[in-house]
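Since the structure comes first, as C-alpha cells, the remarks are kept for the end.
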Amino acid sequence: MNLTRFAEIQKKLSRRIRLEDVLEKVERVAGVDAAYSEDACFAAAVVVELATLRTVEEKTAMQTVHVPYIPGFFAFREMGAVIKALRRLRSSYDLLIVEGHGIAHPSGCGFASHLGVLLRKPSIGVAKRLLCGSVRGIPSPEKPAEIVLNNSVVGYAVESNRKVIYVSPGNMVSLATALEVVKKATHRHALPEPLHRAHLLAARSKRGY
DNA sequence: GCGACAG
DNA sequence: ATCTTGTCGC
C-alpha cells in the first residue's frame with residue numbers, strides 16, 4: 001500500500017463520478033457495513049424495499065484485510081469484503097447506501113463514491129462524523145444544513161432522530177435525491193434502515209464466526 | 001509545525 | 001472500528 005498511489009486512484013475514479021440522477025425510480029436499496037476482529041473483516045449487505053422498508057435479502061462475507069484504517073483511505077480497507085458480500089446477493093438493487101462519505105472527501109471520492117464508480121451503481125454516503133469541509137449553519141429537524149468543501153456544496157448535515165448524520169452523493173445521484181432517499185429509508189434510528197440492519201448483521205456475523 | 005482525522 | 005459495567009431513561 002502506497003498513499004500516494006491510493007490518492008492517484010481516487011483522483012482517477014473521481015473523474016468518473018456522475019452527480020445527476022440516472023434512475024427514474026429507486027425501489028430497492030442495498031445497505032453495506034462491516035465489523036472487524038483483528039484483520040478479519042466481516043461485511044454485510046442488506047437489500048431493503050424502500051416503499052415498505054421490508055428486508056428483501058441479506059448476505060455476509062469475510063475477508064482478511066492488511067490495509068489499516070487511514071482517514072481519507074477508508075475504501076481501500078473495507079472495499080474487498082463489502083464487494084464480496086454484494087456479489088452474493090441474488091436480488092437486484094437500484095442504489096447503494098454506504099457507511100462513510102461520498103463526494104464530501106478530500107479527493108472528492110469517499111468510500112461511497114469509490115464503490116459506486118467501481119460497481120457502476122448509484123450510491124449515497126452516510127457518515128456519523130465529518131471528514132472534511134464545514135457545515136453552514138445548524139441542521140434542524142425540518143432543514144438540513146449544507147456541507148461546503150472548496151466553495152461548493154457537497155452534501156448535507158441532517159438531523160435524524162435527534163442525532164446528526166452527514167449525507168453526500170456517491171455516484172449517479174443528485175444532492176437532492178441523496179437527501180430524499182436517506183429520508184425515505186430512515187425509520188426509528190439515526191441511520192437509514194439498510195445501514196442499521198447491515199451494521200447489526202455484520203456484528204452478528206463476526207460473533208457467530 | 002500544529003491540529004484534524006469517515007470506520 | 002474495538003476495548004467494556006453499570007446506569008439513566010422510556
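Source: prediction; values computed, not measured.
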Query raised in the report: Is atom CG of A:Asn2 surrounded by more than 12 heavy atoms (other residues, nucleotides or ligands) closer than 6.0 Å?
Result: yes
**Report entry** A:Lys84 atom NZ, over 12 foreign heavy atoms within 6.0 Å
**Finding:**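 Check passes, neighbour count above 12.
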Rounded to the Å, how far apart are [X] [atom1] and [N] [atom2]?
{"X": "A:Glu78", "N": "C:dA1", "atom1": "CD", "atom2": "C1'", "value": "9 Å"}
{"X": "A:Phe74", "N": "C:dA1", "atom1": "CZ", "atom2": "C1'", "value": "8 Å"}
{"X": "A:Ile124", "N": "B:dA6", "atom1": "CD1", "atom2": "P", "value": "21 Å"}
{"X": "A:His105", "N": "B:dG7", "atom1": "NE2", "atom2": "P", "value": "13 Å"}
{"X": "A:Tyr36", "N": "C:dC3", "atom1": "OH", "atom2": "C1'", "value": "17 Å"}
{"X": "A:Arg77", "N": "C:dT2", "atom1": "CZ", "atom2": "C1'", "value": "10 Å"}
{"X": "A:Leu131", "N": "B:dA4", "atom1": "CG", "atom2": "C1'", "value": "9 Å"}
{"X": "A:Leu195", "N": "C:dA1", "atom1": "CG", "atom2": "P", "value": "11 Å"}

Regarding [X], tell me which of base, sugar-phosphate or nothing describes its non-hydrogen contacts under 4.0 Å with the strands shown.
{"X": "A:Gly72", "value": "base"}
{"X": "A:His199", "value": "sugar-phosphate"}
{"X": "A:Phe73", "value": "base"}
{"X": "A:Ala104", "value": "nothing"}

Query - Pair A:Glu8 + A:Lys11, salt bridge at N-O below 4.0 Å - result: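 Salt bridge absent between A:Glu8 and A:Lys11.
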Query - A:His101 ring center within less than 6.0 Å of A:Phe74 ring center - result: no
Query raised in the report: Is there a stack between A:Tyr69 and B:dG7, judged by ring centres under 5.5 Å and planes under 30°?
Result: yes
Report task. Taking the side chain as every heavy atom from C-beta outward, state whether A:Tyr36 and A:Phe42 have any pair of such atoms under 4.5 Å apart. Result ->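 The answer is no, as the side chains (C-beta and beyond) never meet within the 4.5 Å cut-off.
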Query - side-chain N/O A:Lys128 vs C:dA1 OP1/OP2, d < 4.0 Å - result: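 Yes, because at least one side-chain N or O of A:Lys128 sits under 4.0 Å from OP1 or OP2 of C:dA1.
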